[in-house]
**Q** 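Pasting in a structure now, in structure tokens, and then I'll have a few things to ask.
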There are 2 protein chains.
Amino acid sequence: MAASTLTEVARLAGVSPATASRVLNGSARKPGQDIAERVRQAADSLGYIPNAQAQGLAKSSSGLIGLIVHDIADPYFAAIARGVQEAAREQRKMVLLATTGGAPAEEKEAVAAFAARRADSIVIAGSRSSREEDQEDNAELAAELDRYCRNGGRVAVVGHPVVGATAPEGYHVLAVPNQELAGALASELAAGWDGDFVIIAGPEGLLTSDDRVQGFQDGLAGAGRAPAGILRTQFNRAGGYEAGLKLAAHIKGEGDGTRETGRKLCIFAVNDVMAIGAAAALRAEGLRIPRDATIAGFDDIETLRDFRPALSTVRLPLEEIGRLATRATAPAAEGHDSDGGLPQPITGEVTLRRSTEAA
Amino acid sequence: MAASTLTEVARLAGVSPATASRVLNGSARKPGQDIAERVRQAADSLGYIPNAQAQGLAKSSSGLIGLIVHDIADPYFAAIARGVQEAAREQRKMVLLATTGGAPAEEKEAVAAFAARRADSIVIAGSRSSREEDQEDNAELAAELDRYCRNGGRVAVVGHPVVGATAPEGYHVLAVPNQELAGALASELAAGWDGDFVIIAGPEGLLTSDDRVQGFQDGLAGAGRAPAGILRTQFNRAGGYEAGLKLAAHIKGEGDGTRETGRKLCIFAVNDVMAIGAAAALRAEGLRIPRDATIAGFDDIETLRDFRPALSTVRLPLEEIGRLATRATAPAAEGHDSDGGLPQPITGEVTLRRSTEAA
DNA sequence: AGAAAGCGGGAATGCGCTTTCCCAGACAGG
DNA sequence: CCTGTCTGGGAAAGCGCATTCCCGCTTTCT
């Protein structure tokens, strides 16, 4: 037994499909009371559920919002996803999820898939890459996005614009002040620490990571401090752990034979998850935080707030970011300003906690 | 400029739409080499993207998998979602996300929305409720699911079957041995602790919580121990924290004037997030784990593994659960056994760590 | 060599719904 | 009383694609 159709409902109610459509699925023209009632009864006596595909085809709009993340299980993206979901609900739309692991090629495919489904808008939450080897894929991604926009789609990307995307109508970038905040973190840290700094960064070319590194170095420079050493690794817990191991060796003075004794370090991991990984490694090596090393992260992931020692970090309104990005793609939101179009201002907050309290 | 259509491609290639369709979107009949090539060239010179809505309408199948969770930012659901996402990719489908906060009424709406979009299958990850006030909504949910299945939809629910859902074709339940595992945890805990036990549970009627509570009590009984006291609260970190506060008072002997001195406790929180909340509360009250109280959770949430003291818990293969549930809805997976249909066996593992090492 | 079978391609129909366009009747004004 | 303007309902034309027929052609078997 197939689902019942509008036509069946119409027949049962003794009206034309046109009329049935008008009463059941909001139209400008409102049929008379009596008729409306008859149709409505027929509809739910049949358990009628409109076929969204057909509706979409006819109206050419689907009520879908595409969301692109690296990994939905990463708490950073999960938090953003929650915001997106909320905003989607406000707009009475559903969200289509795509996880890409951050590969521009996969992101391009996701955009194409969203376009195929005629998603009304697309939110790209993943961080951009400017690496040499991603150049080509990025260009294709940009082209795909352009095409999508030109066909009336709206897209919002959080963080950086997609490399090479020329911005036609409906292309929004939600800037996240990674650099400024990292700078602010650095200066606050510098105020309470006069030893060396070291940064655990993601792979070069990962824009989010690069920004935070750059901002941190700037902040250090502003405080009259020497630039921090940089350890590049994966942008996840495993990377943080690995880097932590190396740093532990360094701190314990095993790093190179030249030093007799290790040196304390203030570590800045470009995101919380990496910071936690690094902290775990240090602990595994018998070092204590903040006694032997202090450490700070970035994002203020909710699930990690109970971590001990409490992690210094930069609070980012992740959920809000998801919400704003999604709202930016809502047709109504266009009202602001067609030109200029000042982007919503995202702000974060340096949050110093126990992990960076020098003993 | 609207997206180009199959007809346009066909015209450019000088063939009929039928032929173009056959070469571009996998069909049984394969047109000749030369023609195929011409069509393909025309297609990407036009940047043709098939309209999935139209395809869906024509084939009546959408390539969509609906996923229902309580909250995508909850690491438990995020982990499952990752598994679902993976399996979806295997099946070359996309996942539609719906978050419901656990309310049966919302879940019903989500199912209806998925049905409207003609989702090929639905995975329900949220825990079921058997509360009095949800009775009615549950019935409606069940009705909605039934209808969906009868129209050829396939659904998988993890944990418990939806209350009152009669199982027609295509209704799968992925059983999670919450009770057994909680029992196993209890007996292992009982082996190393001879004091009192207390359970921090979710609201009554939350089946997942109830199962774990029941299992734990059974395990205790099996070990010849008195049943644990039960503290009901919200099924999240806040609830855990609140309960933790109460327990702290109890342990410190402030609970009631009758006791001179507090008593140590072995706490079982029905999920990791609650356990972390409780632990945070105890610490805030100046108590130490495992010195003043030991504590165990359930789920073995990945992000929480670096928590100190390391949390004893029961490892659940969350990602695998998502994967299996999704695969269970794949048409091919029906092959197993139409009758009986032995459900995939999910297994967990009691994982004792530092948080329950009695001093 | 003639007929039957096979094969590659096109015309046409329909999936379920929205939306324009049209039409009959109601009503008001001249 | 006739004409002009509304108003509410129906007929029909797509939306973009898959698919069933159907047709003319080349093969293969007797």
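All values below come from the heavy atoms of this structure, side chains included, with hydrogens, waters and symmetry mates left out. Sequence lines set the chain letters: A, B, ... in the order given, protein chains first and strands last, and positions in each chain run from 1.
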**Q** Go through dC17(D), dT18(C), dG10(D) for me and flag the one nearest to the Lys59(A) side chain.
**A**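 When the side chain of Lys59(A) is considered, dT18(C) is the closest of dC17(D), dT18(C), dG10(D).
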**Q** Name the closest nucleotide to the Ala18(A) side chain, picking from dG10(C), dG16(C), dA11(D).
**A**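 Closest nucleotide to the Ala18(A) side chain: dA11(D).
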**Q** For the side chain of Thr5(B), counting heavy atoms from C-beta on, which of dT18(C), dC17(D), dC17(C) is nearest?
**A**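 The answer is dC17(D), which lies nearest to the side chain.
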**Q** It should be established whether Gln55(A) places a side-chain nitrogen or oxygen under 4.0 Å from OP1 or OP2 of nucleotide dT18(C).
**A**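 Answer yes for this pair, as a side-chain N or O of Gln55(A) is under 4.0 Å from OP1 or OP2.
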**Q** Would one find a side-chain N or O of Thr19(B) under 4.0 angstrom from OP1 or OP2 of dG9(C)?
**A**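 For dG9(C), neither OP1 nor OP2 has a side-chain N or O of Thr19(B) closer than 4.0 Å.
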**Q** Charged N to carboxylate O below 4.0 Å: is that the case for Arg327(A) and Glu90(A)?
**A**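 A salt bridge links Arg327(A) with Glu90(A).
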**Q** Has Ser21(B) got a side-chain N or O lying under 4.0 Å from the OP1 or OP2 atom of dA18(D)?
**A**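 Indeed, a polar side-chain atom of Ser21(B) lies that close.
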**Q** Could you state the atom-to-atom distance from CG of Leu6(A) to C1' of dG14(C) in whole Å?
**A**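 That distance rounds to 16 Å.
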**Q** Please state how far atom CG in Leu24(B) lies from atom P in dT19(D), giving the value in whole angstrom units.
**A**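 Going from Leu24(B) (CG) to dT19(D) (P), I get 14 Å.
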**Q** Side chain of Ala58(A) only, please: which of dG10(C), dC17(C), dG9(C) is the nearest?
**A**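 Taking heavy atoms from C-beta onward, the closest nucleotide is dC17(C).
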**Q** With a 4.0 Å cutoff (strictly under), does any side-chain N or O of Asn25(B) reach OP1 or OP2 of dC17(D)?
**A**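 Looking at the OP1 and OP2 atoms of dC17(D), neither is under 4.0 Å from any side-chain N or O of Asn25(B).
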**Q** Among dT18(C), dT19(D), dC17(C), which is the nearest nucleotide to the side chain of Ala54(A)?
**A**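 Nearest nucleotide to the side chain: dC17(C).
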**Q** Are any side-chain N or O atoms of Asn51(A) and backbone N or O atoms of Thr5(A), one a donor and one an acceptor, separated by less than 3.5 Å?
**A**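 Checked: no pair found.
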**Q** Taking the side chain as everything from C-beta on, heavy atoms only, tell me whether Pro50(A) gets closer than 4.5 Å to Leu24(A).
**A**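 Counting from C-beta outward, Pro50(A) and Leu24(A) never come under 4.5 Å.
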**Q** Grab the CZ-P distance between Arg118(A) and dC17(D) for me, whole Å please.
**A**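 About 7 Å, once rounded to whole Å.
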**Q** Does Arg147(B) pair with Glu144(B) as a salt bridge, N-O distance under 4.0 Å?
**A**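 Salt bridge between Arg147(B) and Glu144(B), a charged N being under 4.0 Å from a carboxylate O: yes.
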**Q** Is the shortest side-chain N to carboxylate O distance from Glu109(A) to Arg89(B) below 4.0 Å?
**A**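 Judged by the 4.0 Å cut-off on N to carboxylate O distance, Glu109(A) and Arg89(B) do not form a salt bridge.
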**Q** Tyr48(A) OH to dG16(C) P: how many Å, rounded?
**A**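 Computing the Tyr48(A):OH to dG16(C):P distance gives 10 Å.
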**Q** Does Pro17(B) reach a base, just sugar-phosphate, or nothing at all? Heavy atoms under 4.0 Å.
**A**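 Contact class for Pro17(B): none.
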**Q** Looking across every strand, which nucleic acid part, if any, lies under 4.0 Å from Leu57(B) by heavy atom: base, sugar-phosphate, or nothing?
**A**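 It contacts base atoms.
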**Q** What integer distance in Å separates Asn51(B):CG from dG16(D):P?
**A**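 Distance check: Asn51(B) CG to dG16(D) P gives 7 Å.
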**Q** Whether the side chain of Arg22(A) and the base of dG10(D) hold a donor-acceptor pair under 3.5 Å is what I'd like checked.
**A**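 Side chain to base: pair present.
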**Q** Arg38(A) CZ to dG8(D) P: how many Å, rounded?
**A**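 It is 16 Å, rounded to the nearest whole Å.
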**Q** Using heavy-atom distances to pick each residue's nearest nucleotide on DNA chain C, tell me which of Ile49(A) and Asp34(B) is more 5'.
**A**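 In this pair, the answer is Asp34(B).
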